[in-house]
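Since the structure comes first, as structure tokens, the remarks are kept for the end.
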Amino acid sequence: MTSMIDPFGRAVTYLRVSVTDRCDFRCIYCMAEDMTFLPKAEVLSLEELDRLCSAFVRRGVRKLRLTGGEPLVRRNVMSLIRGLGRHLKTGDLEELTLTSNGSQLARFADELVDAGVRRINVSLDTLDPDRFEAITRWGKLDKVMEGIEAARRAGLHVKINTVALKNFNEDELDRMIEFCGANGFDMTLIETMPLGEIDQDRTDQYLPLSQVRERLESTWTLTDIPYKTGGPARYTEIAETGRKLGFITPLTHNFCEGCNRVRLTCTGTLYMCLGQDDAADLRAPLRASEADELLDAAIDEAIGRKPKGHDFVIERRGEGPAVGRHMSVTGG
Ligand code: SAM
Ligand code: SF4
């Protein structure tokens, strides 16, 4: 099988899959409070998701990240994860990983390790229980902290993802860096991205990471390191803790030239770029035949349309989001 090379010579080796658009939280920058979720009939079954992911692995994907919505709230998701683990055993897949809000991790950490998962990204924007409840609209911090601890105990490498939000967690970032340092976690700071209608204007929350970094450097010694994942993160090492600190700045930096990824939604729509609306439907060719020829042809056609880059801007106050879909559709 030929590997997937896009028109700009970039090999697609990383697939991110949103296994559900549903979530047990409603983070204010991510979702509206009264989100309408997809009818179940539109969502791919776990068997269909396995078949799709496996088609990508056959075509050269080496890293698979399950996300959402909250991947661990999808019923029976462990059967999908265990099934995909077979590609790790054959060596076709290098890494199977997840991005999670941590709420279900206490229950699943051991099983994840058993299935071959070695690393997990957990989103955590604050260490204050009241703030946590406010930002997630009803999440309980202690449950997430239990989940993170269970993941650590199970031997998972944890990376904490934190969205930097103006007037919300700016004053806590030092404490979070200490927390990550004490527990052996790397950390990544994320800028808010204009994805999907929410209940407020995102320009109110937008905090440029250039500014955050400058402030952090008055306390911490940050050294740029060449570590790259083919995504929008640039990494530093914190001398005082020995851990990595990443900065994801899709709005202020161009990271597209090294892009190695595509994103699949739980309805089988493939987005070739997080910041563009163009997409390809893979559900129809998947369902049209039990053989994979139609699917392979649709994947080739889609990769042939992967754009050179994105065009996010978040400067005009009061305008709608740059991209209509929510982050929970493609999982970030
Ligand atoms: N529910 C899981 C979680 O929270 O980790 C996985 C899905 S969530 C959509 C993936 C990541 O996207 C989280 O780290 C979240 O903070 C981030 N995110 C969601 N909406 C965002 C936005 N508009 N801008 C930047 N990051 C966002
Ligand atoms: Fe759910 Fe993750 Fe979005 Fe928060 S960021 S609402 S946890 S999908």
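Since the structure is predicted, the reported quantities are computational estimates derived from the model, not experimental observations. We count ligands from 1, going down the list as the structure has it; atoms in each ligand are counted the same way.
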What atoms of ligand 1 come closer than 4.0 angstrom to any heavy atom of [X]?
| X | result |
| --- | --- |
| E70 | 1 (N), 2 (C) |
| G68 | 7 (C), 9 (C) |
| N101 | 2 (C), 3 (C), 4 (O), 5 (O) |
| C30 | 19 (C), 20 (N) |

**Prompt:** Out of A164, G139, S123, C23, who gets a non-hydrogen atom closest to atom 4 (O) of ligand 1?
**Reply:** S123
**Message:** How far is atom 1 (Fe) of ligand 2 from the closest protein heavy atom, and which atom is that?
**Reply:** C23 SG, 2.3 Å
**Message:** Exactly one of T162, N161, I160 should register a side chain to side chain contact (heavy atoms under 4.5 Å, CB included) with T188. Which one does?
**Reply:**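 Among T162, N161, I160, the one meeting side chain to side chain contact (heavy atoms under 4.5 Å, CB included) with T188 is N161.
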**Complete:** Note: S100, heavy atoms under 4.0 Å from ligand 1, region reported as backbone
**Prompt:** S123: heavy atom below 4.0 Å from ligand 2, yes or no?
**Reply:**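 The answer is no: ligand 2 sits nowhere under 4.0 Å from a heavy atom of S123.
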Distance-only donor-acceptor check, side chains [X] and [Y], under 3.5 Å:
| X | Y | value |
| --- | --- | --- |
| Y29 | D125 | yes |
| T267 | R283 | no |
| T126 | D128 | no |

**Item:** Sub-4.0 Å heavy-atom approach of G69 to ligand 1
**Value:**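 For ligand 1, residue contact (heavy atoms, under 4.0 Å) with G69 is present.
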**Request:** Check whether any heavy atom of M31 sits under 4.0 Å from an atom of ligand 1.
**Result:**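 Outside the 4.0 Å threshold, so no.
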**Asked** Looking at C30, which atoms of ligand 2 are within less than 4.0 Å of one of its heavy atoms?
**Response** 3 (Fe), 5 (S), 6 (S)
Do ligand 1 and [X] have nitrogen or oxygen atoms that lie under 3.5 Å from each other?
| X | result |
| --- | --- |
| D125 | no |
| T67 | no |
| T192 | no |

Got a second to check how far [X]'s [atom1] is from [Y]'s [atom2], nearest 0.5 Å?
| X | Y | atom1 | atom2 | result |
| --- | --- | --- | --- | --- |
| M31 | R26 | CE | CZ | 6.0 Å |
| R59 | I5 | CZ | CD1 | 10.0 Å |
| R287 | D281 | CZ | CG | 9.5 Å |

**Message:** Between the side chains of D224 and R234, is the shortest nitrogen-to-carboxylate-oxygen separation below 4.0 Å, so that they form an ion pair?
**Reply:**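 No, no charged N to carboxylate O under 4.0 Å.
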**Item:** D24 bridged to K143 by N-O distance under 4.0 Å
**Value:** no
**Full working for side chain to side chain donor-acceptor pair (under 3.5 Å) between R86 and S54** = CA-CA 10 Å; R86 73 185 180 280; S54 301; 3.1 Å; yes
**Request:** With heavy atoms under 4.0 Å as the rule, classify the contact between C27 and ligand 2 as side chain, backbone, both or neither.
**Result:**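 Near ligand 2, C27 shows its backbone as well as its side chain.
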